[in-house]
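Below: one structure, written as structure tokens.
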Amino acid sequence: MCIFCSIVKGEIPATRIYEDDTVLAILDISQVTKGHTLVIPKQHTENFMSCEPELMKHVMEVAQMLAKRIMERTHAEGMNVLSNIHEVAGQSVMHFHVHLIPRYSEQDACVIRFDKSDPQDLDAIGTLLK
């Protein structure tokens with residue numbers, strides 16, 4: 001069984017910071033930074049790409065509301081909002097969730113890095129993706 005579905009059902013304890021009929025927000029057990037929160041739809045859906053549009057809209061509305069609250073109450077300087085899709089991108093629980101990771105400094109425990117890749121043919125990529 002999915003660990004997030006078990007948390008939603010109350011079978012596994014979690015620190016709940018928000019809940020409504022369709023969404024649950026919990027503190028991530030692995031607090032990358034203070035206040036690291038997961039926003040989870042109660043309905044099982046594997047990832048961002050498989051989430052129904054109306055449910056996605058509500059998840060993101062809750063994520064935005066909580067991001068504002070977390071930043072205000074923790075005095076964070078910034079916030080990373082992300083969702084990983086598939087293992088290669090870091091998804092470890094196959095149940096859609098949005099990470100809210102408050103940022104306090106460039107030296108905190110969260111590291112997101114964008115390295116320069118080999119030169120790309122942007123026109124060809126643009127044509128492919130249109």
Side-chain angles (χ1 to χ4, degrees):
M1 169 160 267
C2 167
I3 191 168
F4 287 168
C5 288
S6 294
I7 290 171
V8 165
K9 292 178 183 176
E11 299 168 350
I12 297 174
T15 302
R16 296 168 181 246
I17 65 165
Y18 175 86
E19 186 168 7
D20 64 26
D21 291 342
T22 57
V23 172
L24 174 65
I26 62 173
L27 291 180
D28 191 307
I29 197 166
S30 303
Q31 292 285 288
V32 172
T33 63
K34 181 175 114 183
H36 180 182
T37 298
L38 304 177
V39 182
I40 305 164
K42 290 182 174 181
Q43 172 188 333
H44 183 85
T45 185
E46 187 170 311
N47 59 48
F48 173 89
M49 294 191 314
S50 62
C51 189
E52 294 294 325
E54 283 304 309
L55 180 56
M56 172 70 70
K57 179 179 181 232
H58 186 61
V59 168
M60 297 310 288
E61 287 170 345
V62 170
Q64 181 184 49
M65 179 269 296
L66 289 174
K68 290 176 183 178
R69 179 191 300 172
I70 292 164
M71 285 190 65
E72 177 183 294
R73 294 184 183 176
T74 65
H75 306 289
E77 298 287 325
M79 176 77 63
N80 287 109
V81 179
L82 63 101
S83 183
N84 303 322
I85 303 168
H86 301 305
E87 288 181 37
V88 69
Q91 186 178 8
S92 59
V93 177
M94 299 306 147
H95 183 125
F96 172 51
H97 56 288
V98 175
H99 291 262
L100 303 177
I101 306 172
R103 300 304 300 272
Y104 300 96
S105 77
E106 291 180 9
Q107 287 75 43
D108 62 24
C110 184
V111 177
I112 298 174
R113 191 177 89 198
F114 295 94
D115 292 330
K116 188 173 181 176
S117 68
D118 293 333
Q120 304 290 320
D121 182 341
L122 297 183
D123 290 334
I125 296 169
T127 298
L128 174 68
L129 300 180
K130 286 183 184 177

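Values below: all heavy atoms of this structure, side chains included; hydrogens, waters and symmetry mates excluded.
Every residue two or more places apart in sequence or in another chain that forms a side-chain contact (heavy atoms from CB on, under 4.5 Å) with A25 is listed here: I17, Y18, T37, V39, L66. By the salt bridge (charged side-chain N to carboxylate O under 4.0 Å, His left out) test, K34 is found to be paired with no residue, residues two or more places apart in sequence or in another chain being considered. Looking at residues two or more places apart in sequence or on another chain, you find a side-chain contact (heavy atoms from CB on, under 4.5 Å) between K68 and Q64.
Put simply, the side chain of L24 does not reach to within 4.5 Å of the side chain of F4, judged on heavy atoms. In this structure the side chain of H99 reaches within 4.5 angstrom of the side chain of L38, judged on heavy atoms.
Note: the hydrophobic cluster containing V23 does not contain V8 (ILVMFWY, side chain heavy atoms under 4.5 Å, direct or indirect links). Residues M49 and I40 fall into different hydrophobic clusters, defined by Ile, Leu, Val, Met, Phe, Trp and Tyr side chains chained together at heavy-atom separations under 4.5 Å. Clustering ILVMFWY residues whenever any of their side-chain heavy atoms sit less than 4.5 angstrom apart, transitively, puts L27 in a cluster other than the one holding V32. Linking Ile, Leu, Val, Met, Phe, Trp and Tyr residues whenever their side-chain heavy atoms come within less than 4.5 Å places F114 and I101 in a single cluster.
Closest of all the heavy-atom pairs between D28 and Q31 is O-NE2, 2.9 Å. Scanning all heavy atoms of the two residues, the minimum distance from K42 to D21 falls at CD-O, 3.5 Å. For the pair A14 and I7, the tightest heavy-atom approach, listed with the atom from each and the gap, is CB-CG2, 3.7 Å. In terms of heavy atoms, A63 sits closest to L100 at O-CD1, 3.7 Å. Taking every heavy atom of both residues into account, T33 and A109 meet most closely at CG2-N, 4.4 Å. Considering all non-hydrogen atoms of both residues, P41 and F96 come closest at CD-O, 3.1 Å.
Listed by first then second residue, pairs satisfying ring-ring contact (aromatic ring centres under 6.0 Å, His included) with a partner in residues 44-64 read H44-H95, not counting sequence neighbours. Every pair passing side-chain hydrogen bond (donor to acceptor under 3.5 Å, both in side chains) that includes a residue from residues 75-93 is listed here, sequence neighbours excluded: N80-R103.
No more than 12 heavy atoms of other residues, nucleotides or ligands lie within 6.0 Å of CD in E106, so this atom counts as exposed by the packing criterion. For CD1 of I29, the number of neighbouring non-hydrogen atoms (other residues, nucleotides, ligands) closer than 6.0 Å is 12 at most. Atom CD of E19 has more than 12 heavy atoms from other residues, nucleotides or ligands within 6.0 Å. Heavy atoms from other residues, nucleotides or ligands lying under 6.0 Å from CG of D115 number more than 12.
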In residues 121-130, what donor-acceptor pairs under 3.5 Å come from side-chain atoms, sequence neighbours left out?
residue	atom	partner	partner atom	Å
D121	OD1	D123	N	3.2
D121	OD1	A124	N	3.0
T127	OG1	D123	O	3.0

